[in-house]
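Worksheet: one structure, shown below.
Residue numbering restarts at 1 for every chain, and letters A, B, ... go by the order of the sequence lines. Every value quoted in this text rests on a predicted model; they were computed, and no experiment measured them.
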Amino acid sequence: MKRTITETLDAAVRNIFPGEAVLPPVFLEKPRNKDHGDYATNIAMTLASQLKKNPREIAAMIIDQLGKDGAVFKNVGIAGPGFINMSLSDEYWRNMLIDINKRGKAYGQGALGRGETVNIEFVSANPTGPLHVGHGRGAAVGDALARVMAAAGYSVTREYYVNDAGSQIRNLGISVNYRIREAKDPGLVKEVEFPESGYHGEYIKEVAAKLIADSGNGPLISEIMGLSHEDCLDPGHELTSKTGDLAQSLLLGRISDTLKDFGGINFDIWSSEQGLHAEGKVGDTIEEFRNKGLIYDKDGASWFRSSDFGDEKDRVVVKDDGTLTYLAADIAYHKEKLEKKYDHIIDVWGADHHGYIPRVRGAIEAMGFDPEKFKVLLVQMVSLTREGKPVVMSKRSGNFVTLKEVVDEVGSDAARYFFLMRRYDSHFEFDLDLAKKATSDNPVFYVQYMHARICSIIRNAAEEGIEPPAPEDVALELLREKEELEIIKILVSFPEIVEGSASAMEPHRIAFFLQDLAIAFHSYYNKTRVLVDDLRLSKARLYLVCAAKIIVSNALGLLGVKAPEKM
RNA sequence: GCGCCUGUAGCUCAGUUGGAUAGAGCAACUGCCUUCUAAGCAGUAAGUCGCAUGUUCGAAUCAUGCCAGGCGCACCA
């Protein structure tokens, strides 16, 4: 819709000023004030400075050109310093309903992405514990962005990078081994403190119990019981990494389950850090950097010259004990993603990792890839409130609220909607009480209720023998209420919202769109009956609400929130 | 100390990439159910866009400097 008008204007401008090589792009906006029409452009003003002419004069010329295309426009005028305000005819708007009803689920999908490939990596939480609410926000944002970009015509791959290697997994092994020994024989660990740097959460005990149950007191458990205290706390011990691996895959399974229950989040690729090491990809990358002179040795360690690429200092990739840092693996990981020829690579990270961006981007640049292809979305922190008071979370004591707890408490729909109704880069206060409310205070219910109400109308109509009509069977001109045209205009803007949301990578725009639509609908519903004595009018209105149902359902789908038929 | 994010109505937040008179939702107050779901609607009230300069026809939006809050500044992951 918007594009059609933009092109029309562009053509008009080119017609009038054929000699000018460089014409500014036509910029169309929706005026805040409805009196200013459906669309407005400042093109005459931007042209004015370039052509050294009066903007109102230019505007008049453009309008004159547009006048020849009378079918679309109802009203075109000059306003203020040189804005051109345009209104489309009611008939034009009403006819858009046919398009919506015909295309159904596909309405809103666009070609902005032109099939370009996008890799979105999100969550990627370490498999050393359950997901917390912060991960939940990242999960909702990443998944919704994937849906929005797919709708906008990108070919999207969802990826989870599993940090299943390194000292954290050995640390996990130590923690679990301790709990296994404690569970089997409390006297055995009485003399030994649980390691300060270990994982203190209660879930470690659950993992221990599960491993004991799975093994049926088999050889692994007896071996663990037979360890000396020193071996048990030794990160290098064989049993430490063995238990660590088992615990890690168990915890990753739980993470995956939690995400499935959180609006059905699935990943196309689960990348393994361990795998990168095993296939020698990390070593190869280090080698490549060394050959290119991007790495130097100092103090027994190897340093990547990230400061040459905008980082504030150089970073160690090989420690003086010969082991590799997380960054080393991460460089290899991003190299792999870039070599797969994705057109865009998007990483969704917690905002606490922002300091990490320059070194990764630096590495990407150093490898000769276009750093523009790489975008990081920093999802800001989440704080929880209950009864108006903050819920204290401390990772230290293992006393943090998990995503599963929140989803169990408020439901997946509310949790997802709440995470997605704010910009991802603003600090977010999650009101648990509000999320549970079943009233209009709660935005997610408000929007879902719109869908349920429409379904109810359709059911009632069916009982009276009125089925949703075919386009040729509808007298659209009967839709004369101003609320009806307002709703249509909102519905028609949906594809633009999807495009904007995708190109700005801002899924929250979908939530705001839904809010606006629901307000318009509920207001209309309260004022105007759909099913009236006049059958033709009933059908026309039914046709309208069917279109509205399609749009709510499609938009909710982009957020991964259900559109219930009954509430 | 350095870097990143944030600062808009009492509260939680939008603001279409620089446009016209800054908008929603809560909370507060006033009304509306013999009518398709009141999980709803209509109305009232609410602002020094953190502060200060600058850029230009035009700034909540861009630049610089302050102020406040959050988060980072490892041979941890």
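Judged by closest nucleotide on RNA chain B, I519(A) is the one of E312(A) and I519(A) placed further toward the 5' end. If you find the closest nucleotide of RNA chain B to R359(A) and to I84(A), the one lying nearer the 5' end belongs to I84(A).
C73(B) atom P lies 14 Å from atom CG of L327(A), rounded to whole Å. Here A39(B) presents its P atom at 10 Å from CE of M567(A), a figure rounded to the nearest Å. Going from atom CD of Q168(A) over to atom C1' of A77(B) covers 5 Å, rounded to whole Å. Taking atom CD1 of I458(A) as the reference point, atom C1' of U37(B) lies 14 Å away to the nearest angstrom. When the C1' atom of A77(B) is taken as reference, atom CG of N171(A) falls 10 Å away, rounded to whole Å. Going from atom CG of D431(A) over to atom C1' of A27(B) covers 12 Å, rounded to whole Å. Whole-Å rounding puts the D311(A) CG to C73(B) C1' distance at 10 Å. Y525(A) has its OH atom 11 Å from the P atom of C41(B), to the nearest Å.
Taken together, the paired segments of RNA chain B that extend over three or more consecutive Watson-Crick or G-U pairs, each closer than 3.5 Å at both contacts, are B:1-7 with B:67-73, B:10-13 with B:23-26, B:28-32 with B:40-44, B:50-54 with B:62-66.
In plain terms, the two heavy atoms of A415(A) and V406(A) that are nearest each other are CB-CG1, 4.5 Å.
E565(A) comes within 4.0 angstrom of a nucleotide base, judged by non-hydrogen atoms across all strands. Residue K527(A) is out of contact with every strand shown, counting any heavy-atom pair closer than 4.0 Å. Base engagement by N85(A) is indicated by at least one non-hydrogen atom pair under 4.0 Å involving a base atom. Within 4.0 Å (heavy atoms only), T528(A) reaches at least one base atom of the nucleic acid. Among the protein residues, S302(A) comes within range of no part of the nucleic acid, since none of its heavy atoms lies under 4.0 Å from any strand.
Side-chain contact, E159(A) with S271(A): a donor N or O sits under 3.5 Å from an acceptor N or O. Side chains of Y333(A) and E273(A): a donor-acceptor N/O pair is absent below 3.5 angstrom, by distance only. Side-chain contact, R315(A) with T325(A): no donor N or O sits under 3.5 Å from an acceptor N or O.
Ring-plane geometry between F521(A) and Y525(A) is classed as tilted, the angle between the planes lying from 30 to 60 degrees on a 0 to 90 degree scale. Between F289(A) and F304(A), the ring-plane angle classifies as perpendicular under the 30° and 60° cut-offs.
Residues passing the side chain to side chain contact (heavy atoms under 4.5 Å, CB included) test with P495(A) are Y107(A), sequence neighbours excluded. Not counting sequence neighbours, the partners of D321(A) by the side chain to side chain contact (heavy atoms under 4.5 Å, CB included) test are K319(A), T323(A). Partners of D164(A) by salt bridge (charged side-chain N to carboxylate O under 4.0 Å, His left out), not counting sequence neighbours: none found.
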Q: Under the side chain to side chain donor-acceptor pair (under 3.5 Å) rule, what do D347(A) and Y161(A) come out as? Steps first, then yes or no, please.
A: CA-CA 10 Å; D347(A) 286 12; Y161(A) 178 51; over 6 Å; no
Q: Apply side chain to side chain donor-acceptor pair (under 3.5 Å) to the pair N163(A) and Q168(A), showing each step before the final yes or no.
A: CA-CA 9 Å; N163(A) 293 118; Q168(A) 55 176 344; 5.0 Å; no
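Atom C1' of C71(B) sits at a distance of 36 Å from the matching atom of U56(B), rounded to the whole Å. Only the P atoms considered, C29(B) is 34 Å distant from G70(B), to the nearest whole Å.
Under 3.5 Å, the side chain of H353(A) and the base of G72(B) form no donor-acceptor pair of N or O atoms. Not a single donor-acceptor contact under 3.5 angstrom links the side-chain atoms of D352(A) to the base of A77(B). Side-chain atoms of H522(A) stay outside donor-acceptor range of the base of C41(B), with no qualifying N/O pair under 3.5 Å.
Distance from the side chain of S523(A) is smallest for C41(B) among the nucleotides A77(B), U37(B), C41(B). Taking the side chain of H354(A) as heavy atoms from C-beta on, and the options A39(B), C4(B), G19(B), the nearest nucleotide is C4(B). Side-chain proximity of R529(A) to U37(B), U35(B), C75(B): nearest is U35(B). In the set C41(B), C75(B), A39(B), the nucleotide with an atom closest to the side chain of N526(A) is C41(B).
The side chain of R459(A) places no N or O atom within less than 4.0 Å of a non-bridging phosphate oxygen (OP1 or OP2) of U37(B). Between T325(A) and A74(B) there is no side-chain N or O to OP1 or OP2 distance below 4.0 Å. For Y524(A) and A42(B), the shortest distance from a side-chain N or O to OP1 or OP2 is not below 4.0 Å.
Of the charged side-chain nitrogens involved, at least one lies within less than 4.0 Å of a carboxylate oxygen, so that R541(A) and E484(A) count as a salt-bridged pair. In this structure, E121(A) pairs ionically with K337(A), as a charged nitrogen and a carboxylate oxygen lie closer than 4.0 Å.
Taking every heavy atom of residues 535-550 of chain A and every atom of RNA chain B, no pair lies under 4.0 Å.
Against the 90° criterion about 0, the sugar-base torsion of U8(B) places it in the anti range. An anti orientation is assigned to C62(B), its glycosidic angle lying beyond 90° of 0.
In this structure, Y356(A) has its ring center under 6.0 Å from that of Y326(A).
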Q.
I need a per-nucleotide contact map over nucleotides 11-18 of chain B, read 5' to 3'. Cutoff is protein heavy atoms under 4.0 Å; write B for the base, S for backbone only, - otherwise.
A. -SSSSBB-
